[in-house]
Amino acid sequence: MDFEDTPEEAAFRAEARAWIDANAPKHLEAELKRAGFASSGIDSEDPMEASKAWQKKKAEAGWACLHWPKEYGGAARTPIERVIWGQEEGVYGSLSSPFIIGHGMCGPTVMDWASEDHKRRLLPPLASGEEIWCQLFSEPAGGSDLAGLRTSAVKADDGSGDWIINGQKIWTSGAQHSQWGLLITRTNPDAPKHKGLTMFFLSMSTPGVEVRPIKQANGQSGFNEVYFTDVRIPDDQRLGAVGQGWEVSLTTLMNERLSIGSGMSTGFPELFEFCLSAEIDGQPAVDDASVRSRLAQFAVKQSGLKYTGMRAITALSKGQTPGPENSIGKLVAGATMQELAMFALDIQGQSGAIQDESSPMNARFQQVLLRSPATRIEGGSDEILRNIIGERVLGLPGDIRVDKDVAFRDIPTSGRK
Amino acid sequence: MNLDFSDDQKQLQDQIRRFLSEKCTPAVVRSGLEGGEPFSRELYRGLGEMGVLGVAIPEAYGGVGLSHLELCLAAEELGRALAPVPVASSIYLAAEFLLQAGTEAQKAAWLPKLASGESVGTFAFVEGQGRMTADKVAAAVRDGRLSGAKSPVADGDIADLAIVAARSGAGRGEQAVSLFIVELNGPGVTRETLASIDPTRGQARLAFDGAPAERLGGEGEGWAIASQVMDRAAILMAFEQVGGADRALEMARDYALDRMAFGRQIGSFQAIKHMLADMYVSATLARSNCYYGAWALASGSSELPVAAATARVSATQAFQHCAKNNIQVHGGMGFTWAFDCHLFYRRSNALALALGSLSTWEDLLITRLQGANTQAA
């Protein structure tokens, strides 16, 4: 047991470190380090431009999308090298946030299902950050029950082979910045729900596509609604066969769960730092017995996640596939950061209710409090994650499905019971 | 990066698991519960012959001379099997005290017997209710004779020797405490078996009245040595707890697959499924923290005190969580004497207190993180 690199890993790390040292946007380092929970921290320049510039630079030097094949803009590196790169990139890695969905989910789906011509056209500018992708999956009627989606794709009656899309998507991160979208639709409402779906990609500037930001509960607008009104998509932008959309979407979702080694933070280091400086009755908060007990509870969760990540990296380093233990990351981190924020405000007393420049640590804990409910829902809610652990890891039976062999149009909905 | 055990180590773990599944039957585990011996001497000798007890003891002292990593995996298996044997007292503690602080003669005299299982050792530390502090140590040694009482002492009813924390010399506070080796079959020792929440492991009160005592380690260094050894033992104990947690989770999962209610397997109900998922989460976090502890133990890292407290807190919670919910998943059957659920529940709560309670270790963890923070700054 050790935390050391193999000689090959050490050589790669040295190479990555040297390149980052010579090329990273160091003028942004201080801003990135004091990034708030829900902001990039950059205000000296346009954050999106900063992200794109860094991504382009990486792409030109062969450091973008390390695990992708070279012909699609990647570097054909191993999974462990990708992890090492992430460790070395450090604070600059947060500049990649606009590309996460494209690189982590849309790109791999295109790679598995698109034609060679499309792959060569679409993937390199996605890798280099010149084009941004969004994932048009969730709908008002289909969140956790994704296959309950209702956005329809119907063959145009003009013999062109084109598809006409009508409907609405929701919770689309980054739609307002995206050039392309990965879109799942219903092409056959007479088939059972999972069998009548078809996947497409489309340009977000196609006529009839309208992006509207959603004002979130915390006042920010990271998500969007996307409306489709008679949007026309050529048939060659279909991914997989007609009716195969569910299978295609699983590629996307599997890739989401394969992104590892990022080690989601619970915010414990910041809470600990706060408790060292905050006071209760004139004494450091950390000296209070009840504070110590809660801190220890948070500490072991943070540590457990960290070393669970390292076990997954170990598997990668040995050329194995990481085990199911990695599926616990978001479930633990989401709930922990929410409890931790409530606890930090509790220590602040009645002033914990105030969220302004006087709030400790740039109002970090107030921000986490108001943003963390979304973490427990997005990308698989706590309940869906527990189902996944229960069914795929522990081998428990699925829930009994009343909608399984029923034509989609006959399934009861909130409006039609 | 290699936060995993080697193939050889895992193979050894498999051998131990097979041995225990054959020899550590439910009847053996339940002996103490049914009014018989809480300790299976035959099983213990078998573990000695197999080299499990001496796995981390150097060959020069009759051990196998492998590392603490192998001992971690042995501990996990003993925890899974609820083995009614004094390995924690004799190996994680007594043998470790001798290895860390013993003279050549003390090591040569005792370690071979502990490694073979011929003798059993324990650590006599606690004196009564509440968190143990140096000020509470009333047992004292004068002119090589120990007087006072220790209670509870795990495996004190069957142990042949005890490492006893007692007052001696002129130091104050923690420096007033030294350690002594006391032969429990010798003069001046009275044992009284105590009833406990986990009758699969014995507890006793030891009274000393002028019992011959030989100092282990330097005068006034007892508290510091004990703290060091208890950290090491905490990591091994955490592996026992993770082994128990995993087994309790498996039992609950198997029952949820088998048991039908309302015309379906109960594991298909989300109320049950989510409970099991949460048990898996606890057990996984604890296992990862234990691997961190194993690394610190084997590498002699300066992070050992943090790693020990982290593993201990995490594993205590995981075992308690899995054991109590195992009963819940089983429903009424889980609360019968005949089902094994209560054995895990009992053991999880007994192990939660051995070596100091959860709140004690939480407090230690924060103290140590503060220390690490100061060093970093």
message: Would B:Tyr291 and A:Tyr307 count as a ring pair (Phe, Tyr, Trp, His ring centres under 6.0 Å) here? Give the steps.
response: CA-CA 8 Å; B:Tyr291 281 29; A:Tyr307 294 106; 10.0 Å; no
Contact part of [X] toward chain A, heavy-atom cut-off under 4.5 Å: side chain, backbone, both or neither?
X	value
B:Gln9	neither
B:Thr284	both
B:Phe269	neither
B:Ser359	neither

field: For chain A, the option from B:Arg264, B:Lys273, B:Arg253 that forms the most heavy-atom pairs under 4.5 Å
entry: B:Lys273
statement: Max heavy-atom pairs within cutoff under 4.5 Å with chain A, candidates B:Val281, B:Ile272, B:Asn2, goes to B:Asn2
query: Would you say B:Asp278 has more than 12 foreign heavy atoms packed within less than 6.0 Å of its CG?
result: yes
Can you tell which part of [X] gets under 4.5 Å to a heavy atom of chain B, answering side chain, backbone, both or neither?
X	result
A:Ile400	both
A:Ser303	both
A:Asp287	side chain

Between the side chains of [X] and [Y], does any donor sit under 3.5 Å from an acceptor?
X	Y	answer
B:Gln370	A:Arg292	yes
B:His321	B:Asn325	yes
B:Gln241	B:Thr316	yes
B:Glu77	B:Gln13	yes
A:Thr336	A:Thr266	no
A:Ser290	A:Asp288	yes

Closest-packed option against chain B by number of heavy-atom pairs under 4.5 Å, given [options]:
options	answer
A:Asp5, A:Asp2, A:Leu295	A:Asp2
A:Ala289, A:Gly398, A:Ser293	A:Ser293
A:Val291, A:Val393, A:Asn387	A:Asn387

Is [X] salt-bridged to [Y], going by a charged N under 4.0 Å from an acidic O?
X	Y	answer
A:Glu15	A:Arg77	yes
A:Lys193	A:Asp403	yes
A:Glu9	A:Arg13	no
B:Arg287	B:Glu76	yes
B:Glu250	B:Arg247	yes

- line: The ring-ring contact (aromatic ring centres under 6.0 Å, His included) partners of B:Tyr345 (sequence neighbours excluded) come to none
Any residue meeting ring-ring contact (aromatic ring centres under 6.0 Å, His included) with B:Tyr92, in chain and number order, not counting sequence neighbours: none
message: Report, in residue-number order, which members of residues 360-369 of chain B are under 4.5 Å from chain A by heavy-atom distance.
response: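 B:Glu362, B:Asp363, B:Leu365, B:Ile366, B:Thr367, B:Leu369 fall under the 4.5 Å cut-off.
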query: Do any of residues 269-279 of chain A have a heavy atom less than 4.5 Å from a heavy atom of chain B, and if so, which, in residue order?
result: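 Residues of residues 269-279 of chain A touching chain B at under 4.5 Å: A:Phe272, A:Leu276.
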